[in-house]
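Here's the structure we're looking at; comments come further down.
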Protein chains: 4
Amino acid sequence: MGSTRRATEVDPDAAARAVRVEQRSRQLLDAAARLMEREGSQAVSMQAVADEAGVSVGLIYRYFGGKDELLLAVIVDVLDTFASRIPAALEAAEADPVHRLAAAFRAYCEVIDEHRHAAVLTYRESKSLGVEGREKIKDLEIKTSEPLRTLLRQGIDAGTVVDVDVDLVAYNMLLLAHGWALKHWHFERSLGLDQYVREQTALILRGLVEPRRSRDYRSLLDPVAPEF
Amino acid sequence: MGSTRRATEVDPDAAARAVRVEQRSRQLLDAAARLMEREGSQAVSMQAVADEAGVSVGLIYRYFGGKDELLLAVIVDVLDTFASRIPAALEAAEADPVHRLAAAFRAYCEVIDEHRHAAVLTYRESKSLGVEGREKIKDLEIKTSEPLRTLLRQGIDAGTVVDVDVDLVAYNMLLLAHGWALKHWHFERSLGLDQYVREQTALILRGLVEPRRSRDYRSLLDPVAPEF
Amino acid sequence: MGSTRRATEVDPDAAARAVRVEQRSRQLLDAAARLMEREGSQAVSMQAVADEAGVSVGLIYRYFGGKDELLLAVIVDVLDTFASRIPAALEAAEADPVHRLAAAFRAYCEVIDEHRHAAVLTYRESKSLGVEGREKIKDLEIKTSEPLRTLLRQGIDAGTVVDVDVDLVAYNMLLLAHGWALKHWHFERSLGLDQYVREQTALILRGLVEPRRSRDYRSLLDPVAPEF
Amino acid sequence: MGSTRRATEVDPDAAARAVRVEQRSRQLLDAAARLMEREGSQAVSMQAVADEAGVSVGLIYRYFGGKDELLLAVIVDVLDTFASRIPAALEAAEADPVHRLAAAFRAYCEVIDEHRHAAVLTYRESKSLGVEGREKIKDLEIKTSEPLRTLLRQGIDAGTVVDVDVDLVAYNMLLLAHGWALKHWHFERSLGLDQYVREQTALILRGLVEPRRSRDYRSLLDPVAPEF
DNA sequence: TATGAATGAGCCTTCATTCAT
DNA sequence: AATGAATGAAGGCTCATTCAT
């Protein structure tokens with residue numbers, strides 16, 4: 001079966017197959033993520049994912065090695081969404097690093113709000129993730145938070161941001177964004193996402209912005225901290 | 001039934017029994033926590049807890065209603081440790097609210113370091129915790145973070161801390177402390193606990209301390225941010 | 001998903017699946033019943049049923065919701081056997097209601113003899129049966145005993161049966177048939193099934209048949225009560 | 001230890017001990033029976049019996065070999081109640097065998113109504129009863145039903161009862177009495193105990209009483225079958 | 001005698017994984 | 001490529017029974 005072309009050419013069969021594999025993976029990943037958000041990660045059994053995707057259990061195993069691999073893929077998928085959404089948000093924002101920082105944080109929080117349960121999965125036992133998965137996630141987080149670090153450095157260079165530990169601040173912003181998912185049941189009645197983002201932004205910026213430049217960013221914090 | 005003492009005394013049998021119940025509960029709670037730290041919470045089966053504690057499965061059910069209840073008790077136990085350790089740490093610290101805030105944060109981080117996995121348990125699916133458990137945890141967290149809120153308010157009143165949303169800042173400090181557990185595998189090679197505490201403290205204080213009072217707290221941040 | 005035939009035809013896949021489901025259910029039901037007859041209902045664990053049927057435990061749960069449901073299904077199955085065997089026995093019998101009554105009673109006893117332990121299951125704690133199951137059994141028993149009631153009424157109308165409480169007599173005949181199973185260990189050494197049926201038939205008819213018509217049914221009672 | 005008297009005298013210690021054993025057994029038996037009637041035989045665990053009796057689990061094992069033995073003892077106890085209640089009921093009844101038969105049947109039904117669940121236990125798996133227990137029960141049932149057989153024979157001799165298989169009729173009357181317990185959930189809404197007894201008595205007597213003597217017993221059947 | 005803490009075999013059930021079709 | 005029936009290990013839990021006190 002299949003074609004027997006020269007190796008220098010791209011095998012069109014292989015290409016078509018790759019496309020189908022891609023589509024199926026997408027379908028399964030989306031189903032798993034949807035299920036997870038809708039029913040909580042407790043309800044994610046292979047059968048449930050299959051049902052949600054409208055395929056058979058067996059098929060999942062043709063695309064993912066097993067449950068752990070599937071779950072890891074879902075996490076990676078979410079982190080990929082981060083990696084693509086943040087830059088998009090930055091383009092829409094003003095050129096100023098601090099404004100962009102705020103936009104990036106908001107984008108983080110919004111993606112997390114959409115993938116609350118999947119985001120929390122990142123904190124799963126490293127055992128079930130495996131060394132490989134752990135490394136992959138670490139890399140992705142670093143890569144995804146790269147824009148933050150870049151912006152922080154730009155701000156510091158521009159003199160609008162005080163001289164902080166760029167790595168740690170980036171990490172903290174991530175954690176605070178995740179905080180929305182982690183402590184969601186803590187806040188769900190008292191705080192909306194928008195309010196959460198605004199207040200956290202105010203707090204973060206207060207620690208970052210050079211005191212003598214702070215009045216430049218008042219608009220960013222309205223209406224939460226107009227007195228800033 | 002046992003002895004027949006004067007009614008004015010507390011039944012010594014009941015008292016002795018209460019002590020034994022307390023000891024057994026401790027033993028089981030510790031075993032569960034130990035197992036969790038060592039093998040990860042995935043490995044926590046009732047049989048495993050029993051083995052770790054050196055007792056039989058059945059016995060656990062005399063002290064805890066079931067697995068969920070046991071796990072909830074482990075969480076509550078950790079939160080209780082918080083609630084008792086933080087005040088102790090505060091007494092040892094200087095009277096100044098900002099110094100105390102830093103001491104409290106360090107104490108938080110240290111307890112979490114000792115109960116890394118149990119601390120993370122707080123973020124379990126609320127479903128498996130049950131409404132009751134969820135409420136209990138929420139209450140305990142609020143109660144445990146109360147010292148932070150008090151200190152923040154004192155600082156604000158004293159004019160050493162800027163006017164922030166006390167609730168959110170307290171929550172953030174908690175989250176940052178938890179961050180040590182949550183992202184431990186992220187930092188384990190690059191950062192020690194002490195370093196983590198110092199750097200985070202510096203960042204937090206930078207956002208809290210009134211700029212014109214900042215030089216009063218330089219010592220707190222050395223050697224991490226001597227330039228502060 | 002399978003073939004794409006004309007919509008007017010029944011989906012052959014679904015049909016085939018239904019057949020297989022039916023076969024498996026049969027197999028499991030029979031295994032459970034067999035096990036019950038051989039080892040007593042105490043020995044009926046899911047594992048034992050699986051072993052007896054030559055399948056795995058898990059499979060049972062694809063066909064029955066749980067142990068209670070399986071047991072209920074066994075009971076219902078036996079009652080269904082009743083419901084189908086009795087009419088068959090009646091067709092083979094003479095047209096006369098009293099003759100048919102005797103034939104029905106014999107048929108009852110024979111089915112019960114074949115499902116001795118399962119028949120007794122009907123008397124299980126109603127709790128473990130559940131409200132639903134209880135109602136189902138009640139309905140089936142009423143439905144199954146309907147032929148008896150009909151025959152009794154016909155006999156009364158024809159003047160060959162005295163005017164009795166049709167419901168209670170039908171219930172008694174059922175109970176007496178069950179008696180063969182219930183008190184089997186009482187009789188097993190002294191009485192055979194055939195003998196049991198004959199003697200009980202004689203007793204029942206003596207209480208039912210109009211005295212002046214009794215000689216018409218002498219043949220029914222031979223050789224047990226030739227003097228009747 | 002204890003006393004060292006001559007063997008010809010009854011050891012008073014032993015006697016006292018026997019009394020205590022008897023009392024304890026009573027206490028436990030009653031507790032078990034009470035529990036069974038109140039909660040159904042499903043709820044009869046050793047712990048529950050101990051609680052109901054106000055003693056510890058361990059103590060039960062000093063008086064009964066185990067659960068099966070305890071349950072057997074409860075059954076035997078109930079059958080003993082039969083054996084003592086029936087004669088008492090007969091003494092209160094008229095001298096006529098048929099009247100006494102009716103009185104005996106009523107007494108049976110009443111005792112069974114009081115020990116519904118225990119009565120049904122008789123039909124427990126022979127396996128869990130053991131050969132010994134089975135024999136004991138068989139003997140007790142035969143002994144207990146002896147009055148019935150005697151009365152039937154007297155009736156036959158007196159010419160008021162037709163010539164029936166005395167053993168089987170006695171057995172049937174027992175079964176019909178048990179029927180009240182066995183099918184209780186069938187009748188509980190439609191029939192009271194008294195009604196059940198009356199109707200069954202009417203049916204039984206119709207099959208037993210010599211047709212030409214039937215009018216002598218009309219009063220027995222009122223108001224159920226006044227036309228008899 | 002009496003207690004009740006402790007045991008552990010055994011039960012029901014779930015679910016990731018495999019494999020014949 | 002796709003299905004889904006079948007597997008069986010593993011988990012949570014119960015409860016009859018024992019034994020040190």
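Letters A, B, ... are given to chains in the order of the sequence lines, protein chains preceding strands, and every chain is numbered from 1.
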Check: Whole-Å distance between dT7(E) P and Asp51(B) CG?
Finding: 11 Å
Check: Now, which nucleotide makes the Watson-Crick or G-U wobble pair with dC19(E), with each of the two distances under 3.5 Å?
Finding: dG4(F)
Next item on the list: Select one nucleotide: of dC11(E), dG11(F), dG4(E), the one nearest the side-chain heavy atoms of Arg17(B).
Entry: dG4(E)
Checklist line | 5'-most by nearest nucleotide on DNA chain E - Gly66(C) or Lys67(A) | finding: Gly66(C)
Margin query: Taking the nucleotide of DNA chain E with the nearest heavy atom to each, does Gln47(C) or Met46(A) sit closer to the 5' end?
Written below: Gln47(C)
Next item on the list: Identify the heavy atoms of Ala50(D) and Ile60(D) that sit nearest to each other, and give their distance.
Entry: N-CD1, 3.9 Å
Check: Looking only at side-chain N and O atoms, does Arg62(D) come under 4.0 Å of OP1 or OP2 in dT1(E)?
Finding: no
Note to self: Can you identify which nucleotide, out of dT1(E), dT13(E), dG4(E), has its nearest atom closest to the Val57(D) side chain?
What the structure shows: dG4(E)
Next item on the list: Tell me what Val55(D) touches on the nucleic acid: a base, only sugar-phosphate, or nothing, going by heavy atoms under 4.0 Å.
Entry: sugar-phosphate
Margin query: Under a 3.5 Å cut-off for both contacts, is dA9(E) paired Watson-Crick or G-U wobble with anything, and if yes, with which nucleotide?
Written below: dT14(F)
Notebook entry, point to check: How close or far is atom P of dC11(E) from atom CG of Asp68(C), stated in whole angstroms?
Noted result: 15 Å
Notebook entry, point to check: Among dT17(E), dT17(F), dA6(F), which is the nearest nucleotide to the side chain of Arg24(C)?
Noted result: dA6(F)
Checklist line | Among dA16(F), dT7(E), dA2(F), the one nearest Ser56(A) by side-chain distance | finding: dA2(F)
Margin query: The test is side-chain contact (heavy atoms from CB on, under 4.5 Å); show your working for Asp77(D) and His115(D) and say whether it passes.
Written below: CA-CA 10 Å; Asp77(D) 196 44; His115(D) 303 280; over 6 Å; no
Next item on the list: Please answer whether the main-chain N or O of His117(A) pairs with a side-chain N or O of Glu37(A) as donor and acceptor at a distance below 3.5 Å.
Entry: yes
Next item on the list: Would you mind telling me which of dT17(F), dA1(F), dT7(E) lies closest to the side-chain atoms of Leu59(B)?
Entry: dT7(E)
Item checked: Distance in angstrom units between Tyr61(A) OH and dA16(E) P, rounded -> 7 Å
Next item on the list: For atom CD of Glu132(B), decide whether the heavy atoms of other residues, nucleotides or ligands shown that lie under 6.0 angstrom number more than 12.
Entry: no
Next item on the list: Would you indicate which nucleotide in dC15(E), dA2(E), dT13(E) comes nearest to any side-chain atom of Ser45(A)?
Entry: dC15(E)
Notebook entry, point to check: Rounded to whole angstroms, how far apart are CD on Gln42(B) and P on dC15(E)?
Noted result: 14 Å
Next item on the list: For residues Leu35(C) and Val44(C), report the shortest heavy-atom separation together with the two atoms involved.
Entry: CD2-CA, 4.1 Å
Margin query: For Gln27(A) and Arg24(A), which I'm curious about, is there any donor-acceptor pair between the side chains at under 3.5 Å?
Written below: yes
Notebook entry, point to check: What nucleic acid atoms does Tyr63(D) come within less than 4.0 Å of, heavy atoms only: base, sugar-phosphate, or nothing?
Noted result: sugar-phosphate
Notebook entry, point to check: To the nearest Å, how far apart are Ile60(A) CD1 and dA1(F) C1'?
Noted result: 15 Å
Item checked: Protein-nucleotide distance (Phe64(B), atom CZ; dT14(F), atom C1'), rounded to Å -> 18 Å
Notebook entry, point to check: From the list dT13(E), dA1(F), dG11(F), which nucleotide is the closest neighbour of the side chain of Arg20(A)?
Noted result: dA1(F)
Checklist line | Whole-Å gap separating P (dG11(F)) and CG (Leu35(B)) | finding: 11 Å
